[in-house]
Student: 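Have a look at the structure that comes next, please.
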Amino acid sequence: MLSHTHTFLLIDADYTVIDNIPIVRLYGRTKDGRSIVAFDNTFEPYFYALPKPGALKTLQKNLKTLKITTDTDETITIKKTETIKKTIGTENATLLKIYSHIPGHIPKIKDAIKDMPELDKKFEFDILFFRRYLMDKNLLPMTFIEATGKEPEQPLKDTVQSDITLLITSIKNTKQQNYTPKILSFDLETMQEGIAQKIILASIYTQGNYKKVLAYVEDNYPHSTILKDEKELLQKLAETIIKKDPDIITTYNGDSFDMPIIHDRSKKYKTPMILGRDKREITFHSRGRTTPAVTRGRIHIDLYQFISVIMRATIKSEVMTLNAIAAELLDERKKEMTWDQMKENWKHKKNLDKFAEYCLHDSLITYKLSKLILPNIFALSRLTGQIPSDVCRMTYGQLVESYAMKSASEKNIIIPNRPTSETIRERRQIESFTGAFVVEPKPGLHENIAVFDFRSLYPSIIVSHNIDPCTFMCSCCKTSDTNRVPGTDYYFCTKKNGFIPRALASLIKKRIAIKTKMKTTKPATPKYTDLYAQQYALKTVSNAFYGYLGFAGSRWYRRQCGESVTAFGRDYIHKVIDLAKTHGFEVVYGDTDSVFLKLIDTRQDLEKAAKKYLKEVNSHLPGIMELEFEGTFRRGIFVKKKTGTGGAKKRYALIDNEGNLTIRGFEKVRRDWSKLSKDTQEKVLRLVLSNQVDDAVSHVKEVVIRLKTGQVPLEELGIYTSVKRDLNDYEQIGPHVAAARKAQKRGIQIIPGQTIKYIITAGRGTISDKAELIQFAKDYDKDYYIKKQILPAAMRALSVFNITEEELMCEGKQTALSSFAKKS
DNA sequence: TTTGGTGTGGTCTGGA
DNA sequence: TCCAGACCACACC
């Protein structure tokens with residue numbers, strides 16, 4: 001039979017078993033736009049066994065005759081065994097590679113042999129078959145690969161729908177080509193009908209400005225297609241997606257909303273929804289935190305998953321709704337339509353064109369978000385070797401772990417086993433270790449501040465001090481004093497490089513190279529976007545390594561490693577502080593890896609002194625460690641602690657020479673404060689940093705009056721808080737829990753993880769008694785908002801100028817006398 | 001089961 | 001009624 005060769009972008013992978021033969025399926029797209037599925041039936045499932053010393057031969061012999069009978073009377077045997085040399089930690093070892101017939105046998109064989117006296121340890125038995133394949137063949141998702149093979153047999157061919165199918169005889173990496181994956185975004189609008197969610201609209205947006213709304217009530221919207229009913233809508237949706245044949249189907253929260261609804265409704269109508277290239281319906285496999293809705297080949301990426309987990313810390317918005325995220329990341333304005341309006345419109349079948357437009361807009365902004373975010377997901381895919389549909393649902397721990405596993409495999413190092421739940425529990429119970437050092441600031445206004453920070457402090461410590469579970473207290477260095485951890489009896493090997501430091505060093509090196517390249521690349525070009533995504537992926541994974549070492553679920557867990565990293569960190573920041581003092585600086589503040597300095601002699605030139613200091617610090621730093629000059633700030637405010645004495649850590653505001661504000665820790669940057677108090681505080685901070693304390697005071701007074709006279713709309717008074725657990729599991733009932741419980745009684749569903757918005761309403765009782773979700777609030781408690789929202793937020797900045805609450809609370813002019821009179 | 005520790009501050013709770 | 005300590009959420013790095 002004729003042999004073919006195809007070069008294609010690898011987008012997805014899975015495996016199936018036919019006639020007891022496991023077959024890896026690689027889904028992709030050729031450069032000329034044809035879909036392809038390449039099958040490989042030559043890869044064999046396996047895991048490793050480490051025999052007890054001298055027991056290798058016996059173990060091998062015993063395994064040969066092993067027969068396992070399962071509950072279903074199936075007999076499982078081992079396909080074959082091989083001896084193989086690998087590195088365990090830093091030691092070389094000879095292991096037995098145990099092959100099974102199908103992947104599903106591996107856990108059963110592993111369990112069956114666990115009591116064999118010749119067996120010491122088992123490794124790499126929980127790596128999913130197709131992931132093992134990609135790892136062993138060095139194939140990276142979202143890169144081009146070249147496969148040679150022949151026409152598959154019909155039964156195999158029939159498992160998928162694709163322009164090209166190929167039974168692989170050989171496969172390898174190849175030169176990268178230009179191909180931008182085709183993205184399609186869709187969105188549903190639903191209405192509650194009895195206990196079911198009924199789909200009333202579906203919209204699709206894809207490249208070439210393709211816009212489509214599917215409906216079954218005439219709406220006179222130019223992009224609408226009017227169908228007979230919901231069943232036809234579903235059919236048309238599937239048909240359109242298949243016809244458009246995207247590589248990526250993106251949704252915003254499709255895992256828990258759009259996809260399950262499509263699935264449920266299609267069950268009701270018995271119209272299977274096959275959106276992927278395998279011939280299966282959408283599958284849902286609960287994976288703890290999430291239940292991914294998976295379509296194969298045409299992969300479903302839920303942007304919400306990635307944004308809410310990996311991008312969470314970079315998102316400023318109080319809520320994670322599509323509109324809020326689009327507003328923040330795309331600067332897109334909302335289409336104004338409230339849920340109540342939609343319900344009304346649907347009920348009376350009016351303004352349906354607006355409804356359709358609204359629905360389409362959601363698909364459009366999902367598409368635009370995809371364009372922005374998918375490059376980052378793809379870059380992480382290439383870095384970790386995991387398929388994008390997995391990457392978009394990963395946590396930081398999983399990203400680091402994937403990268404570490406891939407690196408270990410490349411270096412012929414055995415991947416440590418995942419801890420058992422028992423081990424995880426034990427690890428969690430151990431006392432946590434000491435972390436970073438934070439300088440207590442002197443409250444007040446400071447002028448001309450220079451800010452420095454270490455470039456990637458913890459990653460560079462891990463690399464520079466060879467911090468790794470296997471180099472910790474090594475026997476070869478025993479009494480070595482050259483790499484001792486400050487303030488402890490710990491040390492790390494100085495002879496052999498650890499696996500983690502090596503893996504991390506390569507990430508850091510690559511990132512530096514990319515950042516250099518970016519400087520000579522024109523921004524807003526595809527090349528630049530790609531470089532940005534690459535460095536983003538490298539940074540994301542590097543920064544999570546330290547946490548991963550101390551993470552109870554980690555395969556490379558070693559508490560003392562995390563402890564050592566922070567101990568070195570504290571040592572370095574102290575050294576940097578000490579040196580600053582010898583350079584005529586006063587240390588204003590510092591946290592973990594940063595120092596804020598000002599000159600004691602203010603006649604000196606700050607920039608000059610800063611540069612000189614920087615040069616000296618860096619001349620003393622080992623390895624790849626480096627202190628960086630962040631810049632200078634015209635003024636900065638640090639405030640008193642509310643309780644106790646001294647300055648508050650992690651709360652400050654800076655203004656630079658261009659008038660830009662940097663606000664950290666204050667109510668302004670917290671979502672669990674009302675918009676009114678946040679806005680007021682920001683204004684106060686800006687005025688105070690511009691030496692306009694009087695204006696700040698009068699601004700607060702105005703706000704107080706607005707509150708007193710009931711002029712403030714409820715919208716500005718809502719407080720966002722997330723409900724972290726089931727409403728029955730709280731020991732203490734705070735305002736947000738009280739509000740949520742009341743709402744639940746009115747039939748509103750409250751799920752753990754949800755963010756609610758509540759108001760403290762007028763009335764009597766405790767604050768919790770008065771808390772109501774904003775949609776149920778009719779008024780607000782003036783006293784609460786003045787005394788517990790506006791004044792505390794404003795006073796934070798004003799109390800350093802000895803202004804009192806009383807001065808802010810009174811209308812009109814305030815004198816020292818009347819203030820005194822009020823107190824007594 | 002879903003990277004780490006440090007830190008602030010609001011509200012509730014229960015005992016004096 | 002007052003107050004300390006617990007609980008809770010969210011920020012910083």
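Below, chain A is the first sequence line, B the second, and so on; all start at residue 1.
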Student: Distance check: side-chain N/O of A:Arg570 vs OP1/OP2 of B:dT6, anything under 4.0 Å?
Tutor: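 No, outside the criterion.
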Student: Reckon A:Ile424 touches a base, only the sugar-phosphate, or nothing at all at heavy-atom distances under 4.0 Å?
Tutor: nothing
Student: Given A:Val595, which of A:Asp453, A:Val439, A:Val451, A:Ile577 fulfils the side chain to side chain contact (heavy atoms under 4.5 Å, CB included) condition?
Tutor: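 Looking at A:Asp453, A:Val439, A:Val451, A:Ile577, the match for A:Val595 under the side chain to side chain contact (heavy atoms under 4.5 Å, CB included) is A:Ile577.
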Student: Expressed in angstrom and rounded to an integer, what is the separation of A:Tyr546 atom OH from B:dT6 atom P?
Tutor: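 Checked: the OH to P distance equals 8 Å.
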Student: For A:Gln398, report the nucleic acid contact type (base, sugar-phosphate, nothing); a contact means any heavy atom under 4.0 Å.
Tutor: base
Student: Touch check for A:Trp556, heavy atoms < 4.0 angstrom, all strands: base, sugar-phosphate only, or nothing?
Tutor: nothing
Student: Is a donor-acceptor contact shorter than 3.5 angstrom present between the side chain of A:Arg670 and the base of C:dC10?
Tutor: yes
Student: Report yes if at least one side-chain N or O of A:Lys649 is closer than 4.0 Å to OP1 or OP2 of B:dG7; otherwise report no.
Tutor: yes
Student: Take atom CD1 of A:Ile663 and atom P of B:dT8, then tell me their distance rounded to the nearest Å.
Tutor: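 Value for this atom pair: 19 Å.
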Student: Reckon A:Gly562 touches a base, only the sugar-phosphate, or nothing at all at heavy-atom distances under 4.0 Å?
Tutor: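 Nothing: the residue A:Gly562, judged by heavy atoms under 4.0 Å, touches no strand.
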Student: Touch check for A:Arg725, heavy atoms < 4.0 angstrom, all strands: base, sugar-phosphate only, or nothing?
Tutor: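 Sugar-phosphate, no base atom in range.
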Student: Using atom NZ of A:Lys641 as one end and atom P of B:dT6 as the other, report the distance to the nearest whole Å.
Tutor: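 These atoms are roughly 14 Å apart.
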Student: To the nearest Å, how far apart are A:Phe666 CZ and B:dG7 C1'?
Tutor: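 Distance, rounded to whole Å: 14 Å.
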Student: What does A:Tyr784 touch in the nucleic acid at a heavy-atom separation under 4.0 angstrom: a base, only the sugar-phosphate, or nothing?
Tutor: sugar-phosphate
Student: What nucleotide among C:dC13, B:dT3, C:dC10 has an atom nearest to a side-chain atom of A:Arg671?
Tutor: C:dC10
Student: Check whether any side-chain N or O of A:Thr721 sits under 4.0 Å from OP1 or OP2 of C:dA9, and answer yes or no.
Tutor: no
Student: Rounding to an integer number of Å, can you tell me how far A:Ile467 CD1 sits from B:dG4 P?
Tutor: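 Rounded to whole Å, this separation is 17 Å.
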Student: Which is true for A:Ser768 with a 4.0 Å heavy-atom rule: it touches a base, it touches only sugar-phosphate, or it touches nothing?
Tutor: sugar-phosphate
Student: Which whole-number value in Å describes the distance from A:Arg428 CZ to B:dT3 P?
Tutor: 9 Å
Student: Do A:Lys575 and A:Asp571 sit within salt-bridge range, that is, some charged N less than 4.0 Å from a carboxylate O?
Tutor: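 Judged by the 4.0 Å cut-off on N to carboxylate O distance, A:Lys575 and A:Asp571 do form a salt bridge.
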Student: For A:Arg289, report the nucleic acid contact type (base, sugar-phosphate, nothing); a contact means any heavy atom under 4.0 Å.
Tutor: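 Contact class for A:Arg289: base.
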Student: OP1, OP2 of B:dT1 versus side-chain N and O of A:Tyr557: anything below 4.0 Å?
Tutor: no
Student: Establish, with yes or no, whether the OP1 or OP2 oxygen of B:dT3 is under 4.0 angstrom from a side-chain nitrogen or oxygen of A:Thr395.
Tutor: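 Indeed, a polar side-chain atom of A:Thr395 lies that close.
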Student: Any base atoms under 4.0 Å from A:Val669, or only sugar-phosphate, or nothing? Heavy atoms, all strands.
Tutor: sugar-phosphate
Student: Can you tell me which nucleotide in C:dC12, B:dT2, B:dT11 comes closest to the side chain of A:Lys788?
Tutor: B:dT11
Student: With sugar-phosphate meaning primed atoms plus P, OP1 and OP2, does A:Ile733 contact a base, only sugar-phosphate, or nothing at under 4.0 Å between heavy atoms?
Tutor: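 Since only primed, P, OP1 and OP2 atoms lie under 4.0 Å of A:Ile733, the category is sugar-phosphate.
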Student: Using a cut-off of 4.0 Å on non-hydrogen atoms, how would the nucleic acid contact of A:Phe437 be classed: base, sugar-phosphate, or nothing?
Tutor: nothing
Student: Using a strict threshold of under 4.0 Å (side-chain N to carboxylate O), is an ion pair present between A:Lys650 and A:Asp591?
Tutor: yes
Student: Looking only at side-chain N and O atoms, does A:Arg559 come under 4.0 Å of OP1 or OP2 in B:dG4?
Tutor: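 For B:dG4, OP1/OP2 do not have a side-chain N/O of A:Arg559 under 4.0 Å.
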Student: For A:Ile461 and C:dC13, what is the distance between atoms CD1 and P respectively, to the nearest whole Å?
Tutor: 17 Å
Student: Just call it for A:Ser421: base, sugar-phosphate, or nothing, with non-hydrogen atoms closer than 4.0 Å on any strand.
Tutor: sugar-phosphate
Student: How would you label the contact of A:Gly397 with the nucleic acid (heavy atoms, under 4.0 Å): base, sugar-phosphate, or nothing?
Tutor: sugar-phosphate
Student: Any side-chain N or O of A:Lys724 below 4.0 angstrom from OP1/OP2 of C:dC10?
Tutor: yes
Student: Using whole Å, what does the distance between atom C1' of nucleotide C:dC13 and atom CZ of A:Arg664 come to?
Tutor: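 After rounding, the gap between these two atoms is 10 Å.
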Student: Can we say A:Asp390 and A:Arg131 salt-bridge, meaning some charged N sits less than 4.0 Å from an Asp/Glu carboxylate O?
Tutor: yes
Student: Report which part of the nucleic acid A:Tyr730 touches: base, sugar-phosphate, or nothing (heavy-atom distance under 4.0 Å, all strands).
Tutor: sugar-phosphate
Student: Whom does B:dT3 pair with, Watson-Crick or G-U wobble, provided both distances fall under 3.5 Å?
Tutor: none
Student: If you measure from the Lys or Arg side-chain nitrogens to the Asp or Glu carboxylate oxygens, is any gap between A:Lys675 and A:Glu682 under 4.0 Å?
Tutor: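 The answer is no: the pair does not qualify as a salt bridge.
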Student: Less than 6.0 angstrom separating the ring centers of A:Phe596 and A:Tyr652, yes or no?
Tutor: yes
Student: Before accepting this row, confirm whether a basic side-chain N of the pair A:Glu667/A:Arg670 lies closer than 4.0 Å to the acidic partner's carboxylate O.
Tutor: no
Student: Taking 4.0 angstrom as the limit, do A:Arg555 and A:Glu401 come out as a salt bridge?
Tutor: yes
Student: Say you pick atom P in C:dA9 and the same atom in B:dT2; how far apart are they, in whole Å?
Tutor: 15 Å
